[in-house]
There are 2 protein chains.
Amino acid sequence: MNKKQVTLKDVARLAGVSTATVTRVLRNESLVTEKTRKRVEQAIQQTGYRINIVAQGLRARQTKTIGHILQGTAPNPFFIGVALGAEQEALYHGWSILAFNVQHDPERERSGVETFIQRRVDAILFTTPLCEENVRIALEAGLMVIQVERPTALSTPTVTADNYAGTVEAIEHLITLGHRRIAYLGEIPPGPAERKAQPYRNRIEHERFAGYCDTLAHHQIPLDIELIILDRFYTSADNGLSAGYHAMQKLLRSGKRPDAVFATSDIIAAGVLQALYAVHLSIPEDISVVGFDNTYSPYLSPPLTTVEQPMEQMGRAAVQMVIRHFQQHQQEEPTHIRLTTRLVVRGSTGPRKRLS
Amino acid sequence: MNKKQVTLKDVARLAGVSTATVTRVLRNESLVTEKTRKRVEQAIQQTGYRINIVAQGLRARQTKTIGHILQGTAPNPFFIGVALGAEQEALYHGWSILAFNVQHDPERERSGVETFIQRRVDAILFTTPLCEENVRIALEAGLMVIQVERPTALSTPTVTADNYAGTVEAIEHLITLGHRRIAYLGEIPPGPAERKAQPYRNRIEHERFAGYCDTLAHHQIPLDIELIILDRFYTSADNGLSAGYHAMQKLLRSGKRPDAVFATSDIIAAGVLQALYAVHLSIPEDISVVGFDNTYSPYLSPPLTTVEQPMEQMGRAAVQMVIRHFQQHQQEEPTHIRLTTRLVVRGSTGPRKRLS
DNA sequence: CTGAAAGCGCTAACAC
DNA sequence: GTGTTAGCGCTTTCAG
């Protein structure tokens, strides 16, 4: 281990040229004779030289590294999807990603930002910033910042998904199948005041709930508060699995069983399926279930119909913004990318077969 | 963006000392007067100085960065678990992890190794090396290498799990519940020749299958080849989900339904549950199911009994080896860490209630 | 077309 | 105790 590293100087010496010339060959610059180039390339081969990106980074004051702050890859695969997309895209451009799972802890988010600054990343992706202050710190350190999924009010480029359209599509699907009593299990949407204060922050909850309400209204189906269960699903210890279970139990106890359930994450939906399994109800014969995300859905019994979030694309788009920013050196206005969701129909939804 | 970075020199100037003194304060060395230290600390505060780890790394020829090559976090959460553990442990010591998902592609694994070398990581973790050649390249570049889960024959430190004991525990559990006809769904184990050639490589498959056979033998239950389905589950497109489904269908068609099914991953088990759901069999009343990994298991219906792999611990252990190696400078023999699994009993296993 | 040399930001050896 | 300085490996003027 730790044999002596081959440096540019070694290559130069072997090729009988200066280090400047070696650099020129490496960077494919034109002002080198074919003969010298050959000689240098041979020397590179012989020595097994590998460029030192650390030294390059120091010199260029650019590390081609992006820091990615995630709320936690485990157990919610949503974040994995985004991370994977970001990684692939970065790779493609010769960049790297430094990831940091903060597991909903603002302290850790803070220390992630600090680490990234010290490591001189060129940009930070927040896949859901927890704390506006931490975004500000990154910005003040002169870093490019991209906010993904739930941006704060700070002005940076953002990448979000169109949750409204996705929800509408799901509810329409259920209505088309003949369902009328459609339950909604989701995070508490923001009130009007909250929405004013943080227009983007809680947009997801607002859009999902609004999509539900609007679609029912559009079909003259009255809202039934007994069918609406709003809770803090996402931040509970198991990301809403047991909360989904209990919510479904509550719906079953209430007497008038719903025709269908729309849950705003696959994890919540997984809890719903468990509750239905426990009382031997059949899906979709007795009740249809729709999830959101397309993470756990393929693995459940039956495979779950769900609104797919474009996770990988979200990661890719964020990284593309970074790369583009560093390619064209002029300052441009923060871009806001909004990607579309897609309904994936599987076995958990169908026409009602039996009467309740 | 890109305001001028504050450097040591700036701090030194403001504090009216030399850069060496600032370094001494930063590294908490003793040979500084309390007064100077105060002054320097104030200057650091005022300027908002943050150490430049890139420059540090160049100088020290140590980046405090670990490259982590994974087969793919999506969709198998096993890798996420390992990655998360590695990340946490690294963080704790002020190190960072650069991750690279290679998705079972040896080319990508190769390019991951090259990237890591160029970025001058201090060590590479392979969570399942794909290709021995790539491990060798890393070793030849003078990097510390740790092989996790399925080491090649190359001599490096390794981290593995005791798959034999885990399997024995699971089968014992099923036998205790009164089951006799226990099916085995798993990867094809190596033949004796293969085992000789690559003693560690296919150890997992061998251990799991041997654990199954030995436990049955121990209870005088004869092996029934109709109950054993060996296949290339792990490398199929969906990690064995549909293969698990079809394997279960085949078992059901064969007439003599098994009392219980042992699947060597939660994903395969998820496919098994789907097949059972489709024919309206009840779990565990009609048949018990056990998985492996403890990844998807909590989300399935019913929640799956499974053999938990110590994923996070595996990641942590690997990183700890790296840190320890760089703390104590002497060369030591490669360590081999073997962690234990744990049976997590949930709702998918129970005494047989009905007769088939 | 090629080379010499300065400097990116930090640290450690050596001098005072 | 504190300062001076060389140098980690690379790139980029500026000369030649």
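Below, chain A is the first sequence line, B the second, and so on; all start at residue 1. Worth knowing before you read on, the calculation uses all heavy atoms, side chains too, and leaves out hydrogens, waters and symmetry mates.
Under the rule for a ring pair (Phe, Tyr, Trp, His ring centres under 6.0 Å), Y49(A) has no partner lying at least two apart in sequence or in another chain. Partners of Q42(B) by side-chain contact (heavy atoms from CB on, under 4.5 Å), not counting sequence neighbours, listed by chain and number: Q46(B). Take K38(B) and apply the salt bridge (charged side-chain N to carboxylate O under 4.0 Å, His left out) test, not counting sequence neighbours, and it matches E34(B). Under the rule for a side chain to side chain donor-acceptor pair (under 3.5 Å), the partners of R150(A) that lie at least two apart in sequence or sit in another chain are E205(A). With sequence neighbours excluded, the residues satisfying side-chain contact (heavy atoms from CB on, under 4.5 Å) with R338(B) are T160(B), D162(B), R203(B), E207(B).
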Under a 3.5 Å cutoff on both atom distances, Watson-Crick or G-U, what's the dot-bracket for DNA chain D ([ ] crossing, | other strand)? ||||||||||||||||
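Proximity note for T36(A) (side chain, C-beta onward) versus dA4(C), dC1(C), dG3(D): the nearest is dC1(C).
Residue pairs meeting the salt bridge (Lys or Arg N to Asp or Glu O under 4.0 Å) criterion with at least one member in residues 22-31 of chain B: none, sequence neighbours excluded.
Put simply, CD on Q62(B) is 18 Å from C1' on dG7(D), counting in whole angstrom units.
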Reading nucleotides 9-16 of chain D from 5' to 3' and marking B where a protein heavy atom lies under 4.0 Å of the base, S where only the sugar-phosphate is that close, and - otherwise, the string is BBBBB---
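N101(B) and Q71(B) are not linked by any side-chain donor-acceptor pair at a separation below 3.5 angstrom, with hydrogens and angles left out of the test.
When heavy atoms are screened at a 4.0 angstrom cut-off, V54(A) is found touching no nucleic acid atom at all.
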Donor-acceptor contacts under 3.5 Å from residues 92-99 of chain A side chains, at least two apart:
{"unit_1": "H93(A)", "atom_1": "NE2", "unit_2": "E89(A)", "atom_2": "OE2", "d": "3.1"}
{"unit_1": "S96(A)", "atom_1": "OG", "unit_2": "R119(B)", "atom_2": "NE", "d": "2.8"}

